[in-house]
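Some notes on the structure that comes next.
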There are 2 protein chains.
Amino acid sequence: MEELPSAKRARPVTINDIAALTGVAPSTVSRALSKPGRVNHATRERIEAAARELNYVPNTQARALSSGRTGTIAVLVSAITNPFYFGIIRGTQQQLKAAGYAQLLIDTEDSGELEAAMLHKMRRSLDGAILAASRLSDRALAALATEIPLVTINRNVRGVQSVIIDTPAGIGQAVEHLVSLGHRDLIYVSGPQSSWPNEARWQALRSSAARHGVQARRAGPFPAERPSGSAAADAVVNTKATACIVFNDLLAIGMLTRLRERGVRVPGDISIVGCDDIFGADFCHPTLTTLTAPIEQAGRVSVSMLLSLLTDRLPDQNQRRCVVLPTHLTVRESSGPIA
Amino acid sequence: MEELPSAKRARPVTINDIAALTGVAPSTVSRALSKPGRVNHATRERIEAAARELNYVPNTQARALSSGRTGTIAVLVSAITNPFYFGIIRGTQQQLKAAGYAQLLIDTEDSGELEAAMLHKMRRSLDGAILAASRLSDRALAALATEIPLVTINRNVRGVQSVIIDTPAGIGQAVEHLVSLGHRDLIYVSGPQSSWPNEARWQALRSSAARHGVQARRAGPFPAERPSGSAAADAVVNTKATACIVFNDLLAIGMLTRLRERGVRVPGDISIVGCDDIFGADFCHPTLTTLTAPIEQAGRVSVSMLLSLLTDRLPDQNQRRCVVLPTHLTVRESSGPIA
DNA sequence: GTGAAAGCGCTAACAT
DNA sequence: ATGTTAGCGCTTTCAC
């Protein structure tokens, strides 16, 4: 057909070519290349030499078809533009590459249906998946986990391995910080209701406030996006409260912008504390006091868990692991003493 | 509908199951599902109904093995943590999903070798690739383009389709802006030398400055990362210049932080103009005057080009397309009149 | 329009 | 330790 004179685009090299060249059976080549040790050292050397000489590149599709293992892991995030996921993506990418896996990035657009559909559709071409912000119900998640190896981040469901960033514990630190600055009325600026951490953070704030004998109220819910910060800011101003803890930094940064527009001073009039410590929290204006989360580490750990799940093939479903990662308060300019 | 408890992890449904159920040959099922129109309307309906009933999910590996098409496209970025790529990733993701492709995200860690190695290794499991920041030589790129369909972003090489964000043209606007504010000595804060746009931006600045009869000098090169902003800021201060244009916003934001630490006023003492208008440019302090680039659009366009390349199978290598996307200056707080 | 048959490249039992 | 033999699930000639 397209036999170019230079013989470009030639038929790709296969293990059969290597077998022919070295005089062994294709299966031996396969073994030598994929499970060294189960083959004579000398022949293995020859095979590897031949492979190098022919510039052999294994066909992952064929390998996947017969072995069932695809060598790719999906990472699902709810909105790729949320800088929170940078850290996750970076962490998973690192570990996956080190382990020889490819990373398939999927944006679920904050939709549980899309999430489930994608996972179901791709389940045969994945070795596993990491759900960085699942919007699925507990039931749906547990069901999916039987179809495909799963690790969730910030989502605690029976029967599903998970990495939890313990922001709720950090909330305690934040409350203490604010109370010691004289604040007696704390607002929680709520994120999406479908978000599991959102609820956990609010509960943590409430019980922590109760312990300190201060008032805790709630505003929202708001989408966890910067533009929603305007509405959130206005809502908080209406409450007359002097301090708030915001679902995440993205929303908090949006609030900062709006408050500045309105001439509300931060922290003079209102103190603001965010969650996560994302890219931007340290250079926005004023810089943001926030709960620093080990995001990248969460990504790395989630991959480790998933990989060990793949190799160990633990038959016991109940042998579920849940790793909890601590957070800590990073005080910057957006929080201060009550006026 | 849902699988029975006993029938967990059952053998996945294949076209053979559908064939058996509908009483046609597997090949007919294959045709009906992948190229409708080449099959009788009635039988096709039956097949589709059966597929739905059995909850059939095609095996992409097997499909890829026999057809050669994998349905996945790689997007290579030089550093996943650079917010510039958010837009790219988002843009490509959108279009790819719409076209039914999966997106494989690869971080090349700013290394040309890694980039080439990855592409070579995965070339059989990809239908094509988008290089958002290639560090490869022109020769290497042209060579790779014969192995696998390629579209580059911000990289102009013969024989390779590309999307160019015309920041150099925008540089002209930035220079006019600065000159009209009274600046007569402009510094270009250089990014990585291996970056193609870096050179293009410097040349644009130089010729534009010449046209206006003002001085143009160069500082750096610096890695395009926020921490490098400190060194860059110090270097610029040393030049005694009153204004600079910075390779990208990430570096510019880093400079802002350092200048603030040092008590250098922006724009009072130095005006700063960035490039790209990334996440953060509008809420850093002071907010950053920058060349706004249609990043997400670049991602979308690159996918369109790649897909048409795949379908059209243009036999003429010379029929290369290069789409140029305009940029514009967005004036914010970091640039002002000379003191 | 549909069926039969031959692989795609590799791995995984079984033999030896 | 190595060779033999079947497939994995699908697409794709080539007949009919």
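Given the structure is predicted, the values throughout are model-derived calculations rather than measurements. Below, chains carry the letters A, B, ... as their sequence lines are ordered, and counting in each starts from 1. These numbers come from the heavy atoms of this one structure, side chains and all, not from hydrogens, waters or symmetry mates.
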Every protein N/O lying under 3.5 Å from an N/O of nucleotides 6-8 of chain C:
unit_1 : atom_1 : unit_2   : atom_2 : d
dC8(C) : O2     : Ser66(B) : N      : 3.4

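In this structure, OH on Tyr56(A) lies 6.0 Å from CG on Leu33(A), to the nearest 0.5 angstrom. The structure places OG of Ser125(A) at 7.5 Å from CG of Leu104(A), a figure rounded to the nearest 0.5 Å. Put simply, CG on Leu136(B) and OG on Ser111(B) are 8.5 Å apart, with the number rounded to the nearest 0.5 Å. Taken to the nearest 0.5 Å, the CG atom of Leu309(A) stands 9.0 Å off from the CG atom of Leu150(A). To the nearest 0.5 Å, the span separating OH on Tyr101(A) from CG on Leu126(A) amounts to 11.5 Å. We find the OG-CD1 distance between Ser302(B) and Ile88(B) to be 6.5 Å, quoted to the nearest 0.5 Å.
Residue pairs meeting the salt bridge (Lys or Arg N to Asp or Glu O under 4.0 Å) criterion with at least one member in residues 100-125 of chain B, sequence neighbours excluded: Arg90(A)-Asp107(B), Lys97(A)-Glu109(B), Asp110(B)-Arg135(B), Arg123(B)-Glu147(B).
Distance Ile15(A) CD1 to dT11(C) C1': 8 Å, rounded to the nearest Å. Atom pair Asn16(B):CG and dG7(D):C1' shows a separation of 12 Å (rounding to whole Å applied). Across the protein-nucleic acid pair, Tyr56(B) atom OH and dG9(D) atom P stand 10 Å apart, rounded to whole Å. One interatomic measurement links the two molecules: CZ of Arg123(B) to P of dG9(C), which rounds to 12 Å at whole-angstrom precision. Rounded to whole Å, atom P of dG9(C) lies 19 Å from atom CZ of Arg63(B).
Taking both residues in full, the closest heavy atoms of Arg155(B) and Ser137(B) are given as NH2-C, 3.7 Å, listed atom of the first, atom of the second, then distance.
Of the residues in residues 27-46 of chain B, Ser27(B), Thr28(B), Arg31(B), Arg38(B), Val39(B), Asn40(B), Thr43(B) come within less than 4.0 Å of DNA chain C through at least one heavy atom, sorted by number.
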